[in-house]
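This report refers to the structure that appears directly beneath it.
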Number of protein chains: 2
Amino acid sequence: MKNEIQRDRLKSRAEAVSGFYQKTGRMPSFSEIGEMLGLRSKNAVSKLVSRLEGMNVLEKDKTGRLIPGSIAYPVRILGTVEAGFPSPAEEELADNISLDDLLIQNRQATFLLKVSGDSMLDAGIMPGDMVIVDRSQTPKSGDIVIAEVDGAWTMKYLRRRGESVILIPANPKYKPIRPKNELKVAGVVTAVVRKYG
Amino acid sequence: MKNEIQRDRLKSRAEAVSGFYQKTGRMPSFSEIGEMLGLRSKNAVSKLVSRLEGMNVLEKDKTGRLIPGSIAYPVRILGTVEAGFPSPAEEELADNISLDDLLIQNRQATFLLKVSGDSMLDAGIMPGDMVIVDRSQTPKSGDIVIAEVDGAWTMKYLRRRGESVILIPANPKYKPIRPKNELKVAGVVTAVVRKYG
DNA sequence: CTTGACAGTGAACAAACGTTCACCTATAAT
DNA sequence: ATTATAGGTGAACGTTTGTTCACTGTCAAG
């Protein structure tokens with residue numbers, strides 16, 4: 001019983017530190033943690049920091065300053081839909097991830113585009129979706145690419161047939177395209193994102 | 001000509017600061033920036049910091065410490081696929097965003113599940129995709145939910161008919177489900193994510 | 001040529017930093 | 001009851017922090 005109250009207090013303190021980090025973009029100093037949580041000595045803060053370090057909430061760098069641990073990685077992958085939910089204890093063991101890290105390899109060369117057409121519907125890319133495009137990747141046959149054909153930009157599967165290239169839609173309403181001139185590829189689609197609501 | 005060299009140098013310095021932030025999880029101090037870039041006086045660093053502040057790369061908080069600006073937000077939304085690409089100057093004006101911020105509202109109550117079934121294919125959710133689920137949202141009619149029916153977990157559209165509830169698939173292979181017992185909803189699907197390669 | 005702007009050096013300084021130490025209180029276990 | 005542990009107070013201390021000041025050199029504009 002007392003152990004549970006203790007754990008909840010520790011968790012609520014971790015959430016306060018996490019909230020500071022989300023709000024300000026940096027970790028709090030020991031003094032700031034003390035003010036936030038009503039601790040008057042930096043030694044008490046230091047001990048709390050050690051406990052949060054053990055929970056992987058945060059880390060200390062070589063100068064003793066705090067850097068974010070799991071709080072920089074906002075979500076957990078819990079398994080499959082059909083497998084259902086792990087227990088709270090099992091859930092605590094799941095690694096936290098960041099979607100930015102998961103979906104973006106080369107930050108300098110990656111951008112988002114909104115999808116307005118329906119030519120890739122059978123590939124699960126619907127109007128209103130967003131595609132993540134990496135300019136630095138070399139397109140391989142089978143990749144989904146953003147390309148300029150006859151002065152118009154489009155998104156399709158790229159297929160290589162010998163020396164030539166075809167752009168293939170994923171919707172029977174549209175026909176494959178055989179570019180007359182040299183194909184200009186802006187980038188490779190590396191991910192799709194859809195937000196509801 | 002000289003202006004372009006200057007701008008490239010500033011950009012490369014911005015990327016060095018960004019790289020430090022990505023690698024360590026915190027912003028560098030003035031001293032660290034000086035060591036990184038070969039500047040020997042903190043005043044020179046201070047002036048560079050002001051220039052980077054003007055570029056929205058970083059900000060200074062009220063204590064003078066650096067916090068990330070656009071470097072915490074790794075991608076830009078550039079427009080629609082069909083509209084094509086803006087000029088580099090126009091691209092610089094586009095806001096940077098974070099996918100974590102875009103897709104996750106309530107960090108404490110959000111998690112990822114992998115999709116293995118095909119019951120929501122016509123909704124553009126394919127096997128291998130990941131869905132983002134928010135435990136804290138109250139499901140409304142029309143929402144996609146993760147629910148437990150007859151001891152098995154599933155993902156479907158939730159429809160309310162008066163007092164009762166139906167779970168509707170987005171694939172003609174499957175039939176709507178009318179739960180016999182009280183429906184247990186684990187959360188509302190707020191986003192879908194698919195990664196290629 | 002002169003002047004001003006820009007980018008940088010070097011040093012001083014007050015404030016803030018985390019670490020360490022001595023200590024206290026409450027609680028649980030023996 | 002005694003002892004050990006956990007969580008906290010308060011102060012001292014060496015190090016690091018960003019700010020401010022005085023100054024230098026280069027380049028571009030008039």
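Letters A, B, ... mirror the listed sequences (proteins, then strands); counts begin at 1.
Residues Arg135(B) and Gln108(B) have side chains that never bring a donor and an acceptor to within less than 3.5 angstrom of each other.
Separating the NZ atom of Lys62(A) from the P atom of dT15(D) is a distance of 17 Å, rounded to the nearest angstrom. The nearest whole Å value for the distance from the CZ atom in Phe30(B) to the C1' atom in dA11(C) is 17 Å. What separates CG of Leu48(A) from P of dT19(C) is a distance of 13 Å, to the nearest Å. Rounded to an integer number of Å, the gap from Arg51(A) CZ to dA6(D) P is 10 Å. When rounded to the nearest whole Å, the span between CG of Leu66(B) and C1' of dT19(D) equals 13 Å. To the nearest angstrom, C1' of dC21(C) lies 15 Å from NZ of Lys42(A). The CG-P distance, from Asn43(B) to dG18(D), rounds to 13 Å in whole Å. dA16(C) atom C1' lies 15 Å from atom CD1 of Ile33(A), rounded to whole Å.
One finds no salt bridge joining Glu59(B) and Arg26(A) here, because no Lys/Arg side-chain nitrogen approaches an Asp/Glu carboxylate oxygen to under 4.0 Å. Comment: Asp150(B) does not engage Lys184(B) in a salt bridge, judged by the lack of any side-chain N to carboxylate O separation of less than 4.0 angstrom.
Among the heavy atoms of the strands lying under 4.0 Å from Leu39(A) are primed sugar atoms or P, OP1, OP2 only; no base atom is included.
You'll find a donor-acceptor pair under 3.5 Å spanning the side chain of Lys47(B) and the base of dG8(C), going by distance alone.
For Arg65(A), no side-chain nitrogen or oxygen approaches OP1 or OP2 of dT19(C) to under 4.0 Å. Residue Gln6(A) places none of its side-chain N or O atoms closer than 4.0 Å to OP1 or OP2 of dA6(D). The side chain of Ser41(A) places no N or O atom within less than 4.0 Å of a non-bridging phosphate oxygen (OP1 or OP2) of dG10(D).
Between Ser31(A) and Arg40(B), the residue anchored closer to the 5' end of DNA chain C is Arg40(B), taking for each the nucleotide with the nearest heavy atom.
More than 12 heavy-atom neighbours from other residues, nucleotides or ligands sit within 6.0 angstrom of CZ on Arg51(A).
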